[in-house]
Amino acid sequence: MKKKHIVILTGAGMSAESGVKTFRDENGLWEGHDVMEVATPEGFVKNPELVLDFYNQRRRQLFEVSPNAAHIDIAKLENEHNVTIITQNVDDLHERAGSTNVIHLHGELLKVRSTFDANDIQEWKTDLVLGDLCKKGYQLRPHIVWFGEDVPLIEKAAQICETADILLIVGTSMQVYPAAGLMHYAPSNTPIYFIDPKPNIESNNRITVIAKTATVGMQEFIRLLN
């Protein structure tokens, strides 16, 4: 039997149960900072040390957490299906759980890139400070898509969604564009499963809403799949 292509869109709720803090709280602040201060090109120009420190703290936290059961359940789906993960998360928990095909729409905490050449990307696991330069002598910055910047992988992600036999959405409200538009690229006959403890949509003849956390919801999805 031909393997199904399961495309999985994941967001902050996917990693919350691992202890990864969701960046933005109810006041719209990221860890006490205005988003414009720490997650925009303008903020980086204005106060690069603040921005670098913000992401250094996020990077350090990554080494204190582990993949949760939902990450592991998703990785196990590869045993029986073709699986592509399109994540808004900048952590590496999907990879650490064993998933092999992960697209990071918003960048990766464990990578940095040149402020001169966006394609000059390198692995980075320690603190990034002013004076850390690319080989051409330009300051390195976090490999993160900031507000106001293009999302380079969005077209590739849309093309992948067009090939989905099943679309699974976990831990994202699908409110932030352009990522929120991806579900609309799935073929009209592709079933959609939506796992979120506080869903903002309702089940219909195409969408199955599972109003649970990622770890519990994934167990239910697997039962429905089988």
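Worth saying up front: this structure is predicted, and the values here are computed from it rather than measured.
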- Query: If you look only at pairs with a residue in residues 190-207, which of them pass as a side-chain hydrogen bond (donor to acceptor under 3.5 Å, both in side chains), with sequence neighbours excluded?
  - Reply: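 For residues 190-207: none.
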- Task: Output every pair passing side-chain hydrogen bond (donor to acceptor under 3.5 Å, both in side chains) with a member in residues 138-154, not counting sequence neighbours, ordered by first then second residue.
- Result: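 Found Y55-W146, R113-H143, R141-E149.
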Does some side-chain heavy atom of [Y] sit less than 4.5 Å from a side-chain heavy atom of [X]?
X	Y	answer
T115	F44	yes
P142	L128	yes
I207	M183	yes
N101	I85	no
I144	H106	no
I8	F221	no
L77	S99	no
L133	L140	no

Does [X] have any side chain to side chain donor-acceptor pair (under 3.5 Å) partners at least two apart in sequence or in another chain, and if so, which?
X	result
E162	none
T208	none
E80	none
T163	H5

Closest contact, heavy atoms only, [X] versus [Y]:
X	Y	result
A12	N89	N-OD1, 3.1 Å
I195	A214	CG2-CA, 4.2 Å
A75	A97	CB-O, 3.4 Å

With rounding to the nearest 0.5 angstrom, report the [atom1] to [atom2] distance, [X] to [Y].
X	Y	atom1	atom2	value
D165	H81	CG	NE2	10.0 Å
R59	T126	CZ	OG1	7.0 Å
L168	F194	CG	CZ	10.5 Å
D91	M14	CG	CE	9.0 Å
T40	D34	OG1	CG	8.5 Å
I103	L153	CD1	CG	6.5 Å

- Query: Mind checking what makes salt bridge (charged side-chain N to carboxylate O under 4.0 Å, His left out) contact with D53, not counting sequence neighbours?
  - Reply: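 Per chain and number, D53 pairs via salt bridge (charged side-chain N to carboxylate O under 4.0 Å, His left out) with no residue.
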- Who passes salt bridge (charged side-chain N to carboxylate O under 4.0 Å, His left out) against D92, sequence neighbours left out?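 Partners of D92 under the salt bridge (charged side-chain N to carboxylate O under 4.0 Å, His left out) test: R96.
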Would you say [Y] ends up clustered with [X] if hydrophobic residues are merged whenever their side chains have heavy atoms under 4.5 Å apart, either directly or through other cluster members?
X	Y	result
V65	I72	no
W124	V129	no
L110	V90	yes
I74	I169	no
L109	L93	yes

Just by distance, no angles: are the side chains of [X] and [Y] close enough, under 3.5 Å, to form a donor-acceptor pair?
X	Y	result
T100	E78	yes
N68	S18	yes
E37	N47	no

Ignoring hydrogens and geometry, is there a side-chain-to-backbone donor-acceptor pair from [X] to [Y] under 3.5 Å?
X	Y	result
D117	S114	no
E42	M36	no
N226	I222	yes
E95	V102	no

- Candidate pair I201 and V209, rule side chain to side chain contact (heavy atoms under 4.5 Å, CB included), full reasoning: CA-CA 8 Å; I201 60 175; V209 174; 4.0 Å; yes
- Message: side chain to side chain contact (heavy atoms under 4.5 Å, CB included) for L9 and C161? Distances and angles first, verdict last.
- Response: CA-CA 9 Å; L9 308 179; C161 288; 4.2 Å; yes
I need the full list of salt bridge (charged side-chain N to carboxylate O under 4.0 Å, His left out) pairs touching [range], with sequence neighbours left out, sorted by first then second residue.
range	value
residues 60-71	R60-D127
residues 212-225	K212-E220
residues 99-109	E108-K111

- Message: Quick one, L130 with L52, criterion side chain to side chain contact (heavy atoms under 4.5 Å, CB included). Give me CA distance, side-chain angles, the key distance, then yes/no.
- Response: CA-CA 8 Å; L130 285 181; L52 293 178; 4.0 Å; yes
- Message: Which residues pass the ring-ring contact (aromatic ring centres under 6.0 Å, His included) test with H71, not counting sequence neighbours?
- Response: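 Residues passing ring-ring contact (aromatic ring centres under 6.0 Å, His included) with H71: H94.
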- Message: Applying side-chain hydrogen bond (donor to acceptor under 3.5 Å, both in side chains) to T172 and Q88, what does each step give before you reach the verdict?
- Response: CA-CA 8 Å; T172 171; Q88 297 173 64; 2.9 Å; yes
- Let me see the working for L105 and V145 under side chain to side chain contact (heavy atoms under 4.5 Å, CB included), right down to the final yes or no. CA-CA 8 Å; L105 281 183; V145 176; over 6 Å; no
